[in-house]
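Heads up, the thing below is written out as structure tokens.
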Number of protein chains: 4
Amino acid sequence: MVQILNSRSKQASDRVLRRSETRRLDILRAAARVFRRRGVAATGMREIAQEADLSPGNLYYYFSGKDELLLFCQERTLEHMLAAVSAARATPASSAEQLRSVLRAHVHAMLDELEGATAHLEVDALPAGMRAPIIEKRDRYERAVRQLVMEGVARDEFAHCDAALVTRAMLGAVNWTARWYRPDGARTVTEIAKTLADFLVRGLLK
Amino acid sequence: MVQILNSRSKQASDRVLRRSETRRLDILRAAARVFRRRGVAATGMREIAQEADLSPGNLYYYFSGKDELLLFCQERTLEHMLAAVSAARATPASSAEQLRSVLRAHVHAMLDELEGATAHLEVDALPAGMRAPIIEKRDRYERAVRQLVMEGVARDEFAHCDAALVTRAMLGAVNWTARWYRPDGARTVTEIAKTLADFLVRGLLK
Amino acid sequence: MVQILNSRSKQASDRVLRRSETRRLDILRAAARVFRRRGVAATGMREIAQEADLSPGNLYYYFSGKDELLLFCQERTLEHMLAAVSAARATPASSAEQLRSVLRAHVHAMLDELEGATAHLEVDALPAGMRAPIIEKRDRYERAVRQLVMEGVARDEFAHCDAALVTRAMLGAVNWTARWYRPDGARTVTEIAKTLADFLVRGLLK
Amino acid sequence: MVQILNSRSKQASDRVLRRSETRRLDILRAAARVFRRRGVAATGMREIAQEADLSPGNLYYYFSGKDELLLFCQERTLEHMLAAVSAARATPASSAEQLRSVLRAHVHAMLDELEGATAHLEVDALPAGMRAPIIEKRDRYERAVRQLVMEGVARDEFAHCDAALVTRAMLGAVNWTARWYRPDGARTVTEIAKTLADFLVRGLLK
DNA sequence: TATGAATGAGATTTCATTCAT
DNA sequence: TATGAATGAAATCTCATTCAT
């Protein structure tokens, strides 16, 4: 990935790099789409290559292999989600509204036509040696959501509850959308996100 | 195989059949455990054979292949779950309590040490031609749960809601337990089942 | 196969042996039927066992394995055919009629409902080390038929010809019946045998 | 794979395709050779790969599996033979000479060093679902040969006979050459073809 | 003699990855 | 950068044969 810069102008090499980065992103997005459609384990490099409009061999010019591709996919989405939870918590809104907003963002992060990805839900598809940073992010995210729940309890917005379990229940409900959502279904992603967030938070309110 | 069946030989063949069926069940349970631990797509016949304590080739004496094994696993669990929902609906309890009972049974069907199985969550791992009966059962189950929700609304126990989406949210929350539950975790399956069922139904109450 | 004779009467043990031989013959016939139906290479021991009405394992009580079974099948039929050619040559008939009679017998040896066998046509299905006696018989048979042709030429019954090639042509024509003959077809084995023998010898006559 | 095709790249892709087709043909020929040597059922993918000088896995880059390989082999040869019979019938020659010419071509189609193939004789080696087009061609060919026989009878060139049976006898005689022909034998393919054709047609003449 | 069950070698096939150009 | 072709490891499955009873 690190390129040996030739003697041409820095601008030119920047442009090359930028083009290359764009290409890598395109490939990541293509991979994410196939992973979402078929599941990581059932997805072959050939399918990814085809979705990204290049030859199988050429994939390896941009990524070292399926694992790296998967790792970056997962990282990207988790960072998306971590940003969303940070944004929500930076808000003066109620815990309920913060939580709803996080859950809605979560659904969008998975299902949005262009950038939605679900590969991060399959951590075990990574070789054991590469899981640590993904697990760390995933757990950090879960802790942040749990924190929102606990804050709501502390603020007397939410009833007392087993925050750990309830958090997982909520995350499960939104994660599961990846399994049944169809773009041509009766409800839009936005509707789904709102309905689920409202329902789940309702179970917490006093 | 023309045999004169006297009452003794018939008994013997019954016994043999019964033993054979027992063995098949043992293997199914072993397969279900590995499927639950590692996911269907990532599970190899070798692993199943090892878990069931026989040689890989010998698996094929009992089942025609991975697909059949998977099909039976899925069918078994879905029938368990359908029985549970029928049992709950045969009860004079409130909709809320019926629903809680179904959700608890659902969690148990997946996580119980001995018989818990999650393979039915991965319908796409079956070859397309074998999916129909599984999908039918799965959808029948979902419809039954949705029916419970709608009945609760009709009886004024539950607030008005998008029953289809809310049902999927609840099922997602319980299905997702398969991903994070560890037998040596802080909470028992029974605790998890109760907490989740209570939380989820709470979101429906008026 | 060699049995340890117990102290009972010799008669009894003879009866056992005879019974055992009968059983072996039954199995050979069953094997021959399956070999004819499906070809040697495509026939499994399970199919033979089923056709012979015993368990797969039990086959090995009577025969040391598939190879022996095949060997005996081939030997049996070839000896049939050698006997037929000897019988024909012991006759005072013309060469033409002797030859016709051999060819008819050949067709019957392969297609007859009860005893017909074609396994001897697949010599290569035997392990190389076991082929010698079969090849010897097969070649002896071919030589005998060729001899008939050459005698007919010497006696001025047949036109001069390349006896080796013509013999193989005739044998090919009759061997090939095994591939297309169906018991429920329009012509009986006897009709086929006669028509083919007449046609083939016709090509030799002056 | 959206590509702007300028005249150069199109040429290149043509060249590539042509090379690929050449390779496929090479492999087909190699497979045909092994099938002829050892019989279809006894031939493994490893042997074909070795004969074609590539790794077993690489075979699957060119063909989807053994079945496809076999299908193409059979189709190729049968089309050769159908072409030969068409060519013969387009001729003003006598029925006898047309028939001889077909039989000679038949022998060549099977035994010629380079392109000879015999896989089409083993239709049952194909999975049942793939047989139809092969059987259709095979039967069409047989009908065409039978037609030649019947025409000869109608023209009073041939004696009255059971055309169906006699046709099968002739085809059996030539098909059987595949079983005994050895390239290092005493007679060339051409000699064999001529001798057999002459002999077989002789049996038809008045 | 007879059987259900077990085994191990080998077959076909898949697939991530690499190579040559 | 890009590609068609190649590879090798591993997966699923088959099957003759053997074992324990």
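Naming: A, B, ... by sequence-line order, numbering from 1 per chain.
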Under a plain distance cut-off of 3.5 Å, with no hydrogens placed, do Ser64(A) and Glu68(A) share a side-chain donor-acceptor pair?
yes
State, with a plain yes or no, whether a side-chain heavy atom of Arg29(C) is found less than 4.5 Å away from one of Arg33(C).
yes
Side-chain heavy-atom pair Arg37(C), Val34(C) within 4.5 angstrom cut-off:
yes
Distance, rounded to the nearest Å, where Leu69(D) contributes CG and dT12(E) contributes P
11 Å
Taking the nucleotide of DNA chain E with the nearest heavy atom to each, does Pro56(A) or Pro56(C) sit closer to the 5' end?
Pro56(C)
Please examine the side chains of Tyr62(A) and Leu54(A), heavy atoms only from C-beta on, and report whether any two atoms are closer than 4.5 Å.
yes
Rounded to the nearest angstrom, tell me the gap between atom CD in Glu47(C) and atom C1' in dT17(F).
16 Å
Nucleotides 9-12 of chain F: which of its N/O atoms have a protein N/O under 3.5 Å away?
unit_1  : atom_1 : unit_2   : atom_2 : d
dT12(F) : OP1    : Met45(B) : N      : 3.3
dT12(F) : OP2    : Met45(B) : N      : 3.0

Who does dT21(F) pair with, Watson-Crick or G-U, both distances under 3.5 Å?
dA2(E)
Does a nitrogen or oxygen in the side chain of Tyr62(C) sit under 4.0 Å from OP1 or OP2 of dA2(E)?
yes
Working to the nearest 0.5 Å, report the span between CG of Leu25(D) and CZ of Arg76(D).
5.5 Å
Separation between CZ of Arg131(C) and CG of Leu71(C), rounded to the nearest 0.5 Å:
12.0 Å
Send over the distance from Leu54(A) CG to dT1(F) P, rounded to a whole Å.
12 Å
Judged by each residue's nearest nucleotide on DNA chain F, which is more toward the 5′ side, Asp67(C) or Leu59(D)?
Leu59(D)
Could you state the atom-to-atom distance from CD of Gln50(B) to C1' of dT7(E) in whole Å?
16 Å
Could you tell me if the side chain of Phe72(D) sits less than 4.5 Å from the side chain of Arg24(D), heavy atoms only?
yes
Using the C1' atom as the reference point in each nucleotide, state the distance between dA20(F) and dT1(E) in Å, no decimals.
14 Å
Separation of Ile48(B) atom CD1 from dC13(F) atom C1', in whole Å?
13 Å
Could you check how far OH of Tyr61(D) sits from P of dA5(F), rounded to whole Å?
4 Å
For dT1(E), take OP1 and OP2 only and decide whether either is under 4.0 Å from a side-chain N or O of Arg23(C).
no
Short side-chain N/O contact from Asn58(C) to OP1 or OP2 of dT3(E), under 4.0 Å
yes
